[in-house]
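Here's the structure we're looking at; comments come further down.
Numbers here simply count residues along the sequence, with the first being 1.
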Amino acid sequence: MGDLTDEQWREALRLWLKAKLAEKGMGLPELAKRLADMGVELDRRTLSNKLNRVSFTAAFFLQVLEALGEEGCELKNIATYLQSSESSN
């Protein structure tokens, strides 16, 4: 896990977030609404770009976790998504 590159961490996080949204049956419009309820106003396109590019601050990541109803995450769990993705290719 400690030898992942920045790019690999971004890809792992992107896959993890995508899986969490699917697990909760939540699409981007619902996530955008929940973020807006917290004072984070983003249109669906901007939100999609941020999540797909994994171009956001740690503060935004924590806001997304809260909007998803997550109490936290473990790095090893996020890294697992990259390993799963690489083994299926």
CG on N77 to NZ on K20, rounded to 0.5 Å: 7.5 Å
Heavy-atom closest pair, residues Q8 and D3: OE1-O, 4.0 Å
Over all atoms of both residues, closest heavy-atom pair of L68 and K24: O-CE, 2.8 Å
Pairwise distance OG1(T46) to CG(L28) - rounded to 0.5 angstrom: 11.0 Å
Exercise answer: donor-acceptor pairs, residues 34-42 side-chain atoms, under 3.5 Å, sequence neighbours excluded:
residue, atom, partner, partner atom, Å
R34, NE, E30, OE2, 2.9
R34, NH1, A67, O, 2.9
D37, OD2, K33, NZ, 3.1

Which residues share a side-chain contact (heavy atoms from CB on, under 4.5 Å) with E7, sequence neighbours left out: T5, R10
Straight-line distance of L15 CG to E11 CD, nearest 0.5 Å: 4.5 Å
Minimal non-hydrogen separation, R14 against L51, with atom names: CG-O, 3.6 Å
Closest approach of W9 to L4 (non-hydrogen atoms, all atoms of both residues): NE1-CB, 3.5 Å
Q63 CD to F56 CZ distance, which is reported to the nearest 0.5 Å: 11.0 Å
Donor-acceptor pair, side chain of S48 and main chain of R44, under 3.5 angstrom: no
Interatomic distance, L75 atom CG to L13 atom CG [nearest 0.5 angstrom]: 10.0 Å
Contact summary for Y81 and A12, nearest pair of heavy atoms: CB-O, 4.0 Å
Atom CD of E23 with >12 non-hydrogen neighbours under 6.0 angstrom: yes
